Each structure stands twice: as C-alpha cells, then as structure tokens.
2 protein chains.
Amino acid sequence: MSNNEKKFKRYAAIFKALSNPNRLKIFFSLATCCKPGTIGIFEPDNTACVGDIGKDLDIVPSTVSHHIKELRLAGLIKTQRKGQNIECWVDPEILEELKYFFSF
Amino acid sequence: MSNNEKKFKRYAAIFKALSNPNRLKIFFSLATCCKPGTIGIFEPDNTACVGDIGKDLDIVPSTVSHHIKELRLAGLIKTQRKGQNIECWVDPEILEELKYFFSF
DNA sequence: TTTATAATTCGAAATATGTCGAATAATGAA
DNA sequence: TTCATTATTCGACATATTTCGAATTATAAA
C-alpha cells in the first residue's frame with residue numbers, strides 16, 4: 001500500500017472516530033474542558049475520567065468505554081490510569097494536524 | 001432537540017461523509033484540483049465530473065454517484081449539471097468552518 | 001428519431017457499527 | 001481479606017454502510 005493510500009486510510013479512521021454524535025461530544029468535551037465557559041465536571045489539568053464523561057450522555061459505562069477506545073485507537077485522545085479512574089485528554093498535536101488538513 | 005444537539009449531529013454527519021477512504025479521496029481531489037502540483041484530470045475552473053473522479057478509484061460509476069451524493073448531503077460539496085456531466089466542487093465556506101472547528 | 005454517453009436509482013448481499021447487559025479485571029477502602 | 005467503585009471485555013442484536021450490477025433517466029450526437 002502506497003504512502004498516499006495509508007494517509008487516506010488514517011485520516012478516514014480519524015473522521016470515522018468523530019462520525020458518531022456521542023463520540024464527537026466526548027471529544028469536544030475533552031478538547032474544551034476547563035477552558036473559560038465550560039462546565040466543571042473535569043479535572044483542573046484538562047483531563048476527565050470515563051464515569052464523568054458518561055453522565056451527560058445517557059449511555060452506559062461499557063459504551064462510554066468503547067467510545068473512548070475508538071478515539072484512542074484513532075489517535076485523537078490519550079489515556080492513563082490514575083487509581084480507579086482512567087484519565088483522558090485530547091492530543092494537542094492532532095488538533096494542529098486536523099486544522100492543517102483543511103487548509104488547502 | 002437543542003441547538004447544541006443539532007450542532008453535534010451536523011458535524012458528526014460531516015465527519016461521517018469523510019470517514020470512507022474513497023469518499024475522502026474524492027473530497028481531497030476536489031479540494032486540491034487544479035492547484036499547483038496536482039494532476040490535470042479536472043476542469044480549469046476547480047470542478048470535476050463524476051466519470052473523471054471514478055477513474056482513479058477502481059469503483060463503478062453507481063458507487064461514485066452514491067459517494068458524491070453523500071458528500072453533497074453533508075454540505076461538503078456543490079454540484080451542477082453541465083450537459084451530460086455533473087460538475088462537482090468543494091464549498092469553500094465549509095473548509096473555513098472545519099478549520100475553525102478544530103481551533104479550541 | 002435512433003444511438004451513444006453520463007449519471008442516478010434501486011435492490012441485494014456482505015460487512016461494520018452502536019448499544020446494551022452480564023461477567024470480569026483493577027484498584028482503593030474498610 | 002473482603003467489599004465497593006471504576007473501567008473493560010465479551011456476546012448478542014438491531015441498524016447502517018459499502019459496494020455491485022441492472023434498469024432507468026438525461027442529455028448530446030449521428
């Protein structure tokens with residue numbers, strides 16, 4: 001598979017991760033958390049745990065977990081265990097990359 | 001449905017349209033066509049027809065047509081009949097909007 | 001008018017996705 | 001150690017998606 005082919009598959013996977021409304025909300029919450037004007041369900045260090053994220057969305061924890069995994073596999077977010085919780089945050093690099101993608 | 005809910009559904013639909021590798025290639029070709037360094041299968045006015053688009057992709061015309069429709073319904077591209085052909089081009093406004101979306 | 005070309009619509013089949021609930025694993029607290 | 005909390009994995013099911021080929025529509029050319 002050519003480099004070009006790989007590039008399209010990678011970006012298609014990124015957009016697929018953002019193509020579900022609930023997953024997009026999760027991504028958006030993580031990206032904007034703790035900035036001025038946002039709700040305070042998240043940690044002050046721009047991370048959030050799976051349980052907090054699910055509260056707003058009316059979906060069960062196993063589904064939240066699944067969505068988090070999809071976002072992580074697509075490279076959109078990073079995760080790290082902290083005690084009983086899993087902290088999640090958006091990778092700042094991917095935001096730059098995506099902005100660049102739409103700069104033709 | 002709240003305005004916020006609508007917003008997420010709309011953007012999720014946009015990303016869904018870009019979540020298929022072939023559709024993403026079509027979008028990319030249209031967005032970059034006729035700019036320096038691109039191949040010259042397209043019209044000089046930044047438009048392309050369905051037949052041209054399908055040549056590179058190894059998919060039959062009916063599938064190309066389907067993908068074009070998805071991109072159009074998502075608001076990513078515009079189309080217009082010109083004789084036997086349907087001209088397609090990327091909506092410049094949506095590119096700005098998407099760049100802005102990733103500017104947190 | 002008849003024929004050719006371009007694109008769309010439709011129906012079908014294989015595959016993928018979203019969601020849930022139950023069971024399991026990981027960690028912290030009593 | 002035992003119990004409680006948080007998150008993940010698994011299996012299942014309903015729904016959606018991708019793609020094709022055949023039939024149809026729209027336009028141009030002979």
Side-chain angles (χ1 to χ4, degrees), chain A residues 1 5 8-30 41-43 47-74 76-89, chain B residues 1 5 8-30 41-43 47-74 76-89:
Chain A
M1 188 165 53
E5 197 73 19
F8 282 112
K9 282 192 83 167
R10 171 163 176 269
Y11 276 99
I14 287 172
F15 294 130
K16 177 161 288 178
L18 298 175
S19 75
N20 174 271
N22 281 331
R23 228 155 36 218
L24 187 59
K25 279 182 206 168
I26 293 171
F27 176 78
F28 196 86
S29 296
L30 289 172
I41 62 163
F42 299 118
E43 298 294 316
T47 63
C49 68
V50 172
D52 293 338
I53 292 166
K55 277 177 199 157
D56 288 349
L57 295 181
D58 257 356
I59 47 181
V60 299
S62 63
T63 304
V64 176
S65 188
H66 168 71
H67 286 324
I68 293 286
K69 189 178 179 180
E70 295 285 311
L71 289 169
R72 184 170 49 78
L73 291 176
L76 286 160
I77 67 170
K78 308 278 190 184
T79 64
Q80 185 180 24
R81 181 171 278 277
K82 191 178 184 182
Q84 280 172 299
N85 301 314
I86 303 288
E87 284 185 346
C88 311
W89 65 95
Chain B
M1 188 167 51
E5 197 73 20
F8 282 112
K9 281 192 86 167
R10 172 163 176 267
Y11 276 100
I14 288 172
F15 294 130
K16 177 162 285 178
L18 298 175
S19 76
N20 174 272
N22 282 331
R23 226 152 41 215
L24 187 58
K25 279 183 206 168
I26 293 171
F27 176 77
F28 196 85
S29 296
L30 289 171
I41 62 165
F42 299 118
E43 299 294 316
T47 62
C49 68
V50 173
D52 293 337
I53 292 166
K55 277 177 197 156
D56 287 349
L57 295 181
D58 257 358
I59 47 183
V60 300
S62 63
T63 303
V64 175
S65 187
H66 168 72
H67 284 325
I68 293 287
K69 189 178 180 181
E70 296 285 312
L71 289 169
R72 185 170 48 77
L73 291 177
L76 286 160
I77 67 170
K78 308 277 189 183
T79 63
Q80 185 180 24
R81 180 170 279 277
K82 191 179 182 181
Q84 280 171 300
N85 301 316
I86 303 288
E87 284 184 347
C88 312
W89 66 97

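The sequence lines fix the lettering, A, B, ..., with proteins before strands; numbering per chain opens at 1. This one's a predicted model, so the numbers in the text were calculated from it and none came from an experiment.
Considering only residues two or more places apart in sequence or on other chains, B:Tyr11 meets the ring-ring contact (aromatic ring centres under 6.0 Å, His included) condition with B:Phe101. Residues meeting the side chain to side chain donor-acceptor pair (under 3.5 Å) test with A:Lys25, sequence neighbours left out: B:Glu5. The salt bridge (charged side-chain N to carboxylate O under 4.0 Å, His left out) test applied to A:Arg10 returns A:Glu97, not counting sequence neighbours. Looking at residues two or more places apart in sequence or on another chain, you find a side chain to side chain contact (heavy atoms under 4.5 Å, CB included) between B:Arg72 and B:Lys69, B:Ile77, B:Thr79.
Within residues 10-23 of chain B, no residue has any heavy atom under 4.0 Å from DNA chain C. Of the residues in residues 59-71 of chain B, those lying under 4.0 Å from DNA chain D by heavy-atom distance are B:Ile59, B:Val60, B:Ser62, B:Thr63, B:His66, B:His67.
Looking only at side-chain heavy atoms (C-beta outward), A:Ile68 and A:Val64 come within less than 4.5 Å of each other.
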Using atom types as modelled, flag every donor-acceptor pair under 3.5 Å from a side chain in residues 16-23 of chain B to any protein atom, sequence neighbours excluded.
from    : atom 1 : to      : atom 2 : distance (Å)
B:Ser19 : OG     : B:Lys16 : O      : 2.7
B:Asn20 : OD1    : B:Asn22 : N      : 3.0
B:Asn20 : OD1    : B:Arg23 : N      : 3.0
B:Arg23 : NE     : B:Ala17 : O      : 2.9
B:Arg23 : NH1    : B:His67 : ND1    : 3.3
B:Arg23 : NH2    : B:Lys16 : O      : 3.1

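Shortest non-hydrogen contact noted between B:Leu30 and B:Cys88 is CD2-O, 3.5 Å.
With values rounded to the nearest 0.5 angstrom, A:Leu76 atom CG is found 9.5 Å from A:Phe15 atom CZ. A:Lys82 NZ to A:Glu87 CD: the interatomic distance, rounded to the nearest 0.5 Å, is 4.5 Å. Taking CG of B:Leu71 as the reference point, atom CG of B:Leu24 lies at 9.0 Å (rounded to 0.5 Å).
Counting to the nearest Å, the C1' atom of D:dT18 and the NZ atom of B:Lys25 are 14 Å from each other. D:dT19 atom P lies 10 Å from atom CG of B:Leu57, rounded to whole Å. Taking atom CD1 on A:Ile26 and atom C1' on D:dA7, their separation rounds to 14 Å, with Å as the unit.
Using a 4.0 Å cutoff to heavy atoms of chain A, the contacted part of DNA chain C runs 5' to 3' from C:dT17 to C:dG28.
Among the candidates B:Thr63, B:Leu57, B:Asp58, the single residue satisfying the side-chain contact (heavy atoms from CB on, under 4.5 Å) test with B:Val60 is B:Thr63.
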Using the 3.5 Å cut-off, write out each protein N or O paired with an N or O of nucleotides 25-30 of chain D and the distance between them.
from   : atom 1 : to      : atom 2 : distance (Å)
D:dT27 : O2     : B:Gln84 : NE2    : 3.4

